[in-house]
Amino acid sequence: EIEDGLDEAFGRLAVSRTNP
Amino acid sequence: GGVGLPMGAYTPPKTIWLPAMKAKGLEISGTFVRRAGVIQMEMTLTNKAMSVMTDFAIQFNRNSFGLAPAGPLQVLTPLSPNQSIEVALPLSTVGPVMKMEPLNNLQVAVKNNIDVFYFSCQYPISMLFVEDGKMERQVFLATWKDIPNDNESQFQIKDCHLNSDAASNKLQGSNIFTIAKRTVEGQDMLYQSMKLTNSIWVLAELRVQAGNPNYTVCLKCRAAEVSQGVFQCYEAVLKN
């Protein structure tokens with residue numbers, strides 16, 4: 001899913017939530 | 001719902017709101033449903049007295065989300081002894097507001113030819129989740145960052161055996177929308193949003209780990225007091 005970096009931003013959010 | 005059809009919103013089973021012994025023979029059981037954006041209070045009225053009941057009317061006390069009858073209680077024929085009828089009362093959300101404890105408590109007065117009776121019932125907050133509650137992804141990320149950590153609540157949903165896609169579909173039936181899904185270290189993280197009828201947005205992160213029946217849901221909302229009720233909806237929707 002390519003959507004001007006939003007998918008990547010959710011990825012960063014998910015990673016930061018898993019490894020605070 | 002069948003294959004490929006969206007599932008409907010979760011509707012709790014009817015429970016007895018007013019026992020006959022407390023209302024001179026009138027028993028009321030009921031539940032709340034939301035269908036295509038219309039909230040209804042569905043009730044069964046049973047006459048357990050020895051005389052006919054007529055002249056029914058209903059009124060709500062002020063409540064947290066402004067729920068109010070959108071019309072009169074339609075009991076068009078007298079209710080004979082031992083007779084039951086089903087009544088659906090459409091509700092609006094533009095009535096007078098007063099914060100209740102718990103937030104989803106509703107105080108109701110029902111009148112008939114015999115007397116006026118009072119009872120309290122609780123509605124699932126999910127009745128208030130509107131159909132356009134899917135937040136834009138960009139807005140979600142900004143809002144998530146913007147809501148302080150103090151407004152985040154974390155809950156466990158135990159013993160749930162759906163995979164993340166099935167959970168997402170089920171929740172969407174109750175207007176809890178998945179905006180993004182990421183998998184990190186074997187955990188599916190679903191980012192979700194919902195909007196209440198009074199325009200309060202709730203943001204959620206649902207963590208589902210393969211083989212682990214315990215989910216974690218984190219809720220972020222500017223009005224943090226709604227989180228407990230929203231969590232109850234997650235449990236009810238996912239477990240029913």
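These numbers come from a predicted model, not from an experiment.
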Inter-residue atom distance [X].[atom1] - [Y].[atom2], 0.5 Å rounding:
X	Y	atom1	atom2	value
B:Trp144	A:Leu13	CH2	CG	6.5 Å
A:Arg17	B:Arg182	CZ	CZ	15.5 Å
A:Thr18	B:Met189	OG1	CE	3.5 Å

[X] [atom1]: over 12 foreign heavy atoms closer than 6.0 Å:
X	atom1	result
B:Lys239	NZ	yes
B:Arg222	CZ	yes
B:Gln59	CD	no

Discussion item. Pair B:Phe140, A:Leu6 - check side chain to side chain contact (heavy atoms under 4.5 Å, CB included), show working.
Written reply: CA-CA 10 Å; B:Phe140 183 99; A:Leu6 287 183; over 6 Å; no

